[in-house]
Number of protein chains: 2
Amino acid sequence: MCIIKIEMTLSEENYLKSIFHLEKKYARGVSTNALAEEMETKASSVTDMIKKLSEKNLVNYKKYQGVKLSEKGNSIAVQIIRKHRLWEYFLVEKLDFNWDEVHDIAEQLEHIKSDELIAKLDKFLDYPKRDPHGDPIPDAEGNFANLEKKILAEFNEGDQGICVGVKDSSAAFLQYLDRNKIKLGKSITILEKEQFDGSMILKMNNKELTISKVAANNIYLKPISLE
Amino acid sequence: MCIIKIEMTLSEENYLKSIFHLEKKYARGVSTNALAEEMETKASSVTDMIKKLSEKNLVNYKKYQGVKLSEKGNSIAVQIIRKHRLWEYFLVEKLDFNWDEVHDIAEQLEHIKSDELIAKLDKFLDYPKRDPHGDPIPDAEGNFANLEKKILAEFNEGDQGICVGVKDSSAAFLQYLDRNKIKLGKSITILEKEQFDGSMILKMNNKELTISKVAANNIYLKPISLE
DNA sequence: ACAAATTTTTAGATTTGTCTAAAAATAATA
DNA sequence: TATTATTTTTAGACAAATCTAAAAATTTGT
Ligand SMILES: [Mn+2]
Ligand SMILES: [Mn+2]
Ligand SMILES: [Mn+2]
Ligand SMILES: [Mn+2]
């Protein structure tokens with residue numbers, strides 16, 4: 001219900017977005033150092049920015065206690081994520097980019113300021129629910145449609161699922177998936193799970209494929225109940 | 001043939017673009033004040049920036065003599081204009097914006113850095129030659145396809161032409177054109193030209209329409225020879 | 001050509017976001 | 001608990017882009 005638009009710099013927006021993502025991991029408050037690492041900057045710069053965001057009531061901050069997003073800060077962060085993911089979807093679906101090429105461009109596009117633009121883009125794309133990496137695209141009100149998904153590494157022999165997302169969306173990992181023909185939507189059955197190193201033998205595309213635990217830890221499947 | 005990419009700030013890019021546009025009017029060099037007015041800033045700020053651009057060999061500058069773009073500066077300016085106009089075309093043709101709503105958004109989008117993005121956008125749009133205001137979109141090599149066009153005010157009674165562009169693309173003027181059903185592509189015949197104030201009576205859409213000299217000075221027609 | 005008006009440049013200050021180095025607070029360990 | 005190690009904050013500096021006020025150069029008008 002906040003009609004008043006707050007002037008946000010590119011830097012402030014990126015901080016809010018990083019805090020949002022880190023809150024998933026550090027529920028009791030995001031530490032200065034964690035944020036510094038995520039933002040690839042120095043802790044002192046983070047402290048400066050946190051003070052500024054706190055001044056604007058976008059985060060709750062007490063010295064030495066880490067930060068959490070305020071309600072307002074959270075809703076701004078969600079809108080930036082919405083823009084990021086809509087642009088990623090556009091780049092892949094309309095401009096024919098590969099899923100490993102879109103992140104850096106979306107990092108720029110997410111800061112374009114125009115509500116009308118994002119509303120019209122959303123309509124043009126026919127209101128997509130997930131970005132090219134399987135991440136949910138929040139709607140205009142900031143609601144995430146969350147799909148049931150589990151990390152592949154946690155599945156057991158005989159389990160089956162559909163690939164619905166990736167945890168690591170680095171170009172290197174996405175290219176690895178491409179080389180192994182692993183795509184969103186593919187049906188995967190776990191044939192074997194090696195106790196020694198956690199590697200897995202999968203059946204996909206009617207072929208067998210072995211992947212490491214590291215890889216399995218970065219792929220999300222939607223479980224299929226086999227009756 | 002310049003493979004080396006120069007790091008350009010948003011501000012530098014906007015200066016180059018403004019100099020490019022002003023060079024049309026001030027062929028012997030763009031004055032500090034003209035640039036200050038165009039950029040809506042102070043002359044002293046302009047001097048500072050000109051020195052910086054000159055340092056980078058993007059403009060030729062001698063104190064008190066005004067600036068001209070260097071070859072490199074010109075080609076960067078053209079690429080920014082290309083981006084601006086391609087995005088405007090996208091916004092109107094794909095996202096369904098009206099032609100009076102796109103300029104400010106394109107002002108932001110033109111600074112997104114990715115050659116691949118603009119190449120793919122161009123392809124997606126099927127290599128458009130003109131933006132929604134009739135201005136030419138330079139190709140990847142920076143070549144403008146220039147269409148024959150003349151200011152409506154310079155036409156005479158009996159002359160005929162097709163509306164191909166606007167000189168003023170302010171929202172106010174574009175909305176005036178909308179209200180009077182004047183669109184690109186429309187065929188226009190000059191029925192009368194009032195000597196007293198330069199106003200014109202036009203035939204368009206099989207109806208008569210009177211427009212002021214001010215308006216006629218901001219509309220481009222491609223002349224049709226009547227044999 | 002000379003004084004007046006205008007344009008342009010310089011000098012110095014400000015804001016934003018960053019940095020390094022040092023101090024202060026907190027956490028870990030013996 | 002006392003000492004050490006780590007984290008976080010402060011203090012001070014810097015680069016980019018802007019500003020105001022004043023000085024210098026150029027142009028205009030008589
Ligand atoms: Mn991304
Ligand atoms: Mn993504
Ligand atoms: Mn425009
Ligand atoms: Mn235009």
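Numbered from 1 within each chain, the chains take letters A, B, ... in sequence-line order. The model shown is predicted, which means the values in this text are computed figures rather than measured ones.
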### Task
Kindly write out the residues that satisfy side chain to side chain contact (heavy atoms under 4.5 Å, CB included) with B:E154, not counting sequence neighbours, or none if the list is empty.
B:K150, B:I151

### Contacts of A:E141 that satisfy side chain to side chain contact (heavy atoms under 4.5 Å, CB included) - sequence neighbours left out
A:D139, A:N143

### Message
A:S199: which residues meet the side-chain hydrogen bond (donor to acceptor under 3.5 Å, both in side chains) condition with it, sequence neighbours left out?
### Response
A:D197

Counting only non-hydrogen atoms, which of [range] are less than 4.0 Å from DNA chain C?
{"range": "residues 40-47 of chain B", "result": "B:A43, B:S44, B:T47"}
{"range": "residues 14-35 of chain A", "result": "A:Y15"}
{"range": "residues 59-69 of chain B", "result": "B:Y61, B:K63, B:Y64"}

### Donor-acceptor contact below 3.5 Å, side chain B:K183 vs main chain B:D178
no

### Query
Can you check whether A:N57's main-chain N or O pairs, donor with acceptor, with A:S70's side chain at less than 3.5 Å?
yes

### Message
In whole Å, I'd like the distance from the CD atom of A:E37 to the C1' atom of D:dT6.
### Response
15 Å

### Query
For B:Y89, which residues count as a ring-ring contact (aromatic ring centres under 6.0 Å, His included) partner, sequence neighbours excluded?
none

### Query
Out of curiosity, B:E71 CD to B:I76 CD1, how far, rounded to the nearest 0.5 Å?
12.0 Å

Taking only distance into account, with no hydrogens and no angle test, what donor-acceptor pairs under 3.5 Å do side-chain atoms of residues 20-28 of chain B form with protein atoms, sequence neighbours excluded?
| unit_1 | atom_1 | unit_2 | atom_2 | d |
| --- | --- | --- | --- | --- |
| B:E23 | OE2 | B:L69 | N | 2.6 |

### Query
First and last nucleotide of DNA chain C in contact with chain B, 5' to 3', at under 4.0 Å to a heavy atom: what are they?
C:dT7 to C:dT10

### Task
Classify the angle between the aromatic ring planes of B:Y176 and B:F173 as parallel (below 30°), tilted (30 to 60°) or perpendicular (above 60°).
parallel

### Query
Which residue pairs satisfy the salt bridge (Lys or Arg N to Asp or Glu O under 4.0 Å) criterion with at least one member in residues 40-52 of chain A, sequence neighbours excluded?
A:E12-A:K52

### Query
What bend angle does the helix from C:dA1-D:dT30 to C:dA30-D:dT1 show across its length, from five-pair end axes and to the nearest 10 degrees?
0°

### Task
Show your working on side chain to side chain contact (heavy atoms under 4.5 Å, CB included) between A:L221 and A:I219 and close with a plain yes or no.
CA-CA 7 Å; A:L221 299 192; A:I219 296 171; 4.1 Å; yes

Let me check something: any side-chain donor-acceptor pairs from residues 107-132 of chain B under 3.5 Å, sequence neighbours excluded? List them with distances.
| unit_1 | atom_1 | unit_2 | atom_2 | d |
| --- | --- | --- | --- | --- |
| B:E107 | OE1 | B:K17 | NZ | 3.2 |
| B:E107 | OE2 | B:K17 | NZ | 3.0 |
| B:E107 | OE2 | B:H103 | NE2 | 3.0 |
| B:Q108 | OE1 | A:K113 | N | 2.6 |
| B:Q108 | NE2 | A:K113 | O | 2.9 |
| B:E110 | OE1 | B:K17 | NZ | 3.4 |
| B:E110 | OE1 | B:H84 | ND1 | 2.8 |
| B:E110 | OE2 | B:K17 | NZ | 3.0 |
| B:H111 | ND1 | B:E13 | OE1 | 2.6 |
| B:H111 | NE2 | B:N14 | OD1 | 3.0 |
| B:H111 | NE2 | B:E107 | O | 3.2 |
| B:K113 | NZ | B:E13 | OE2 | 3.3 |
| B:K113 | NZ | B:H111 | O | 3.2 |
| B:S114 | OG | B:L117 | N | 2.9 |
| B:K120 | NZ | A:D96 | O | 3.2 |
| B:D122 | OD2 | B:R82 | NH1 | 3.3 |
| B:D122 | OD2 | B:R82 | NH2 | 3.1 |
| B:K129 | NZ | B:Y127 | O | 3.4 |
| B:R130 | NH1 | B:G134 | O | 2.4 |
| B:R130 | NH2 | B:A145 | O | 3.2 |
| B:D131 | OD1 | B:H133 | N | 2.7 |
| B:D131 | OD1 | B:G134 | N | 3.1 |
| B:D131 | OD1 | B:D135 | N | 3.0 |

